[in-house]
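Notes follow the structure.
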Amino acid sequence: MIAMVAVLGGAMPARAGAPYPADPLGSPMWQAHARTLFGDDPVRFDPRVRVLYPEIAENQRSFPVAIDARGIADVKRIVLLVDLNPIPIAIDYRPVAAAPYVATRIKLDQRTPVRGAVQLRSGAWLVSGGWVDAAGGGCSTPPVSRVKGDWAQHLGEIRGEAWPVGETQSRLRVSFRHPMDTGLVDNIATYHLETLRVANAAGRTLGDMEIWAAVAEDPALTLMLDAAAGESLTVDARDTNGRDYHAVIGVAKQSPGLLAAQR
C-alpha cells in the first residue's frame, strides 16, 4: 500500500542568514543538509509537497519514492533527499517542460527521514517528508548483478514506455540496466548514472536530472512530460565513466486504460 506522508508545517520561511525552520521530523542532519542545499534561500515546510512511499521498507536496496508537487505553481527544481544515507541526495530534477512529478527507487542505509524539496522560480524552497523504518545496509551491500556476475553483459540496456495523460501531456517510465555502485563496498569503485535528459523530437529539453548512487540498481524513473500522443521522446544519459546511453521512445496514441476499455 502506498502511503502519502506530508509534514504539516506552519513554520515561517528562513530569511537570509537566519536559522532554518525547526525540523518537524527532528533529524540530526537537518541543519547540515539545509545549509548545503538551500544556502540563504527561504525555506518552509509545506504539505502540498507530497512524498509518496510504502509504509514498510521491504527491500532497503530498492525502495520506491514519488514526489508530487503538481498542486504547486512555478516549480523549477525537485530534490529527493535521504537524511541519514551516506549519499543523501538521490536525484536533482528540473522539470523544464513537464509537470513537477518524479518517481524512482532508492537505497536506504538505515532508518531515516526521506524528503522532497521543491524550489520555486522565486528561489524559495518547500519541503515535506517523513521517517522510514528500514533494515541497514542498502548503500553498503553489493548490487545483485555484481553478485551474479552478469552486470557487464546487460550494462546500458534501456526499456521505456510512454502513455498520453490528457491532450498535451504524457507519462514516461524508463529504466536502465546499471549497477549504480556507491563506492561503499570493498573493491568496487563508485559507478553510477550521473545525468539524464529527455527531449522532444525537435530537440527541446523537457526535463533534465542529476543522479547519484543513492538511486537503486537498475534505476527506473517516471516523469510527466509536455508531450502529446504520437510524439517521440529522446532519452540521453551518461554515467560516471563517461559512457553514453540513448533511446527514442514513442508516446502511445492511447492510454492503457482506453485500450483495455475497448477490448
If you round to the nearest 0.5 Å, how far is [atom2] of [Y] from [atom1] of [X]?
X      : Y      : atom1 : atom2 : answer
Trp125 : Gln119 : CH2   : CD    : 4.5 Å
Lys107 : Asp109 : NZ    : CG    : 10.0 Å
Thr104 : Ile211 : OG1   : CD1   : 7.5 Å
Arg177 : Asp218 : CZ    : CG    : 4.5 Å
Asp46  : Arg50  : CG    : CZ    : 12.5 Å
Gln110 : Gln60  : CD    : CD    : 12.0 Å

Open item on the list: I need the full list of ring-ring contact (aromatic ring centres under 6.0 Å, His included) pairs touching residues 211-254, with sequence neighbours left out, sorted by first then second residue.
Closed with: none
Open item on the list: Could you go through Ile72 and Arg48, starting from their C-alpha distance and side-chain angles, then the distance that decides it, and tell me whether this counts as side-chain contact (heavy atoms from CB on, under 4.5 Å)?
Closed with: CA-CA 7 Å; Ile72 304 171; Arg48 294 177 300 164; 3.8 Å; yes
Beyond-backbone contact of [X] with [Y], side-chain heavy atoms, under 4.5 angstrom:
X      : Y      : value
Leu80  : Ile89  : no
Ser170 : Val165 : no
Ile188 : Asp186 : no
Tyr53  : Val132 : yes
Asp236 : Asp244 : no
Leu126 : Leu120 : yes
Leu172 : Thr222 : no
Val215 : Ile91  : yes

Hey, does the side chain of [X] reach the backbone of [Y] with a donor-acceptor pair shorter than 3.5 angstrom?
X      : Y      : value
Ser128 : Val49  : yes
Asn59  : Arg61  : yes
Arg44  : Ala124 : no
Glu231 : Ala228 : yes

Task: With Ala97 via side-chain contact (heavy atoms from CB on, under 4.5 Å) - residues at least two apart - done: Arg204, Leu206, Asp226
Which heavy atom of [X] sits nearest a heavy atom of [Y], and at what distance?
X      : Y      : value
Thr182 : Cys139 : OG1-O, 2.7 Å
Leu155 : Arg243 : O-NH2, 3.5 Å
Ala90  : Ile106 : CB-CG2, 3.8 Å
Leu37  : Arg77  : CD1-NH2, 4.1 Å
Arg197 : Gly203 : NH2-O, 2.8 Å
Ala213 : Ile87  : CB-CD1, 3.8 Å

- [ ] Find out whether the Lys NZ or Arg CZ of Arg111 is both under 6.0 angstrom from the six-membered ring centre of Trp131 and within 45° of the ring's axis.
- [x] yes
Open item on the list: Please tell me whether Leu184 and Leu84 are part of a single hydrophobic cluster in this structure, the criterion being side-chain heavy atoms less than 4.5 Å apart.
Closed with: no
Task: ILVMFWY cluster, Ile158 and Val102 together (side-chain gap under 4.5 Å) - done: yes
Task: CA sep, side-chain torsions, deciding dist, call: Val127, Phe38, side-chain contact (heavy atoms from CB on, under 4.5 Å) - done: CA-CA 11 Å; Val127 183; Phe38 309 132; 3.8 Å; yes
Task: Residues Arg238, Thr195; criterion side-chain hydrogen bond (donor to acceptor under 3.5 Å, both in side chains); working and verdict - done: CA-CA 5 Å; Arg238 174 170 289 188; Thr195 61; 5.8 Å; no
Open item on the list: Parallel, tilted or perpendicular: which one describes the rings of Trp30 and Tyr20, with boundaries at 30° and 60°?
Closed with: perpendicular
Task: Salt-bridge present (Asp23, Arg115; N to O < 4.0 Å) - done: yes
Task: Charged N-O contact under 4.0 Å between Glu210 and Arg94 - done: yes
- [ ] Run the numbers on Asp83 and Ser27 for side-chain hydrogen bond (donor to acceptor under 3.5 Å, both in side chains), then give the verdict.
- [x] CA-CA 7 Å; Asp83 281 31; Ser27 168; 2.6 Å; yes
Task: Within the 6.0 Å centroid threshold, strictly below: Tyr191 and His178 - done: yes
Open item on the list: Let's go through Tyr93 and Leu223 carefully: what are the C-alpha distance in whole Å and the side-chain angles of both, what is the deciding distance for side-chain contact (heavy atoms from CB on, under 4.5 Å) to 0.1 Å, and is it a yes or a no?
Closed with: CA-CA 10 Å; Tyr93 174 50; Leu223 308 174; 3.8 Å; yes
TODO: Show the numbers, then the answer: is there a side-chain contact (heavy atoms from CB on, under 4.5 Å) between Val174 and Ile249?
DONE: CA-CA 9 Å; Val174 61; Ile249 300 169; 4.2 Å; yes
